[in-house]
2 protein chains.
Amino acid sequence: MTPSPPSRPCCAPLLTDALSNEEVSRLAVLFRVLGEPTRLHLLRLIAAQPGGEVCACDLVEPLGLAQPTVSHHLKVMYDAGLVERDRRGTWIYYRIVPGAIALLRDALT
Amino acid sequence: MTPSPPSRPCCAPLLTDALSNEEVSRLAVLFRVLGEPTRLHLLRLIAAQPGGEVCACDLVEPLGLAQPTVSHHLKVMYDAGLVERDRRGTWIYYRIVPGAIALLRDALT
DNA sequence: CTCCTATATTGACATGCATCGATATAGCCT
DNA sequence: AGGCTATATCGATGCATGTCAATATAGGAG
């Protein structure tokens, strides 16, 4: 998997530079992931942890949703490259990918 | 209804501190507006104009979509407070609302 | 090996939404 | 008035997606 364009890491500023259709699509995917209140809550819960990571088991109850639903949203965020996971025994810990948020923020410059 | 459940105080840097459910929903609405490639293209087209505004008639052809489709997306962006419009005779000019993008960028800090 | 817990996946359902053609509205011009 | 252009709205259609119960998978503990 080497979809990275040679020119830039991901995306240049959205409103100023010339972006390829793939860059626009990639940005849209990331923004759409954030375009769900449930996933925004998830992101905030993960970011809120002191160590920057949180066990998936601690995400179900605060959201008030079924476990498969939470798992689904975590997968969406994982597939989008927004979070990374780390299995430690029975539990799986999620972290926000460093720079993923900054990438979006830079696109809005 | 008490909005904020401060069970997990958590770190504030990523998506700001304690947000009410309404604030999270509002952010999600804005992100979802950007979560469509067509609307991202529209935003870039509007931002690319020298005067910062563009006639709606100049947005249909570059997108390659039907006129009602473009009008629909412009309405979505307008309802979300992302763009403002200004009728000038037969034509309607769209501008990006000042600070709308910055608001989202600040939310990602 | 057998339970138990944690997480993911599947299948189904309902809702949301992007898109279009057809039509309506609005404003200019002659 | 009538005709023309620009834009919005309506109605329909097909696809994407959020949600859940049920089930599968994975790993630890006894």
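The chains referred to below are lettered A, B, ... by the order of the sequence lines, with proteins before strands, and numbering in each begins at 1. What you are looking at is a predicted structure, and each value in this text was computed from that prediction instead of being measured.
- Mapping A:Arg32 and B:Tyr93 onto DNA chain D by nearest heavy atom places B:Tyr93 closer to the 5' end of the strand.
- Looking only at side-chain heavy atoms (C-beta outward), A:Leu34 and B:Leu27 stay at 4.5 Å or farther from each other.
- Partners of A:His73 under the side-chain hydrogen bond (donor to acceptor under 3.5 Å, both in side chains) rule, at least two apart in sequence or in another chain, are A:Arg39.
- A cation-pi arrangement is present between A:Arg88 and A:Tyr93, with the terminal nitrogen or guanidinium carbon under 6.0 Å from the aromatic centre and inside a 45° cone about the axis.
- Listed by first then second residue, pairs satisfying side-chain hydrogen bond (donor to acceptor under 3.5 Å, both in side chains) with a partner in residues 59-68 of chain B number zero, not counting sequence neighbours.
- Of the possible polar contacts, none joining the A:Arg87 side chain to the A:Ile92 backbone as a donor-acceptor pair under 3.5 Å is found.
- For DNA chain C, the residues of residues 45-67 of chain B within the heavy-atom distance limit of 4.0 Å (strictly under) are B:Leu65, B:Ala66, sorted by number.
- Of the possible donor and acceptor atoms, none in the side chain of B:His72 sits under 3.5 Å from a partner among the backbone N and O of B:Pro68.
- Using modelled atom types, no side-chain atom of A:Arg95 and backbone atom of A:Gly52 make a donor-acceptor pair closer than 3.5 Å.
- Using a 4.0 Å cut-off between charged nitrogen and carboxylate oxygen, A:Glu53 and A:Arg85 do not count as a salt-bridge pair.
- Taking every heavy atom of residues 84-92 of chain B and every atom of DNA chain D, pairs under 4.0 Å involve B:Arg85, B:Thr90, B:Trp91, B:Ile92, by number.
- Within residues 68-83 of chain A, the residues having any heavy atom under 4.0 Å from DNA chain D are, by residue number, A:Pro68, A:Thr69, A:His72, A:His73.
- No continuous path of hydrophobic side-chain contacts links B:Val29 to B:Leu104 [ILVMFWY only; heavy atoms under 4.5 Å].
- Other members of the cluster containing A:Val97 do not exist, because no ILVMFWY side chain is joined to it at under 4.5 Å.
- Distance, B:Arg39 CZ to C:dC17 P: 9 Å, rounded to whole Å.
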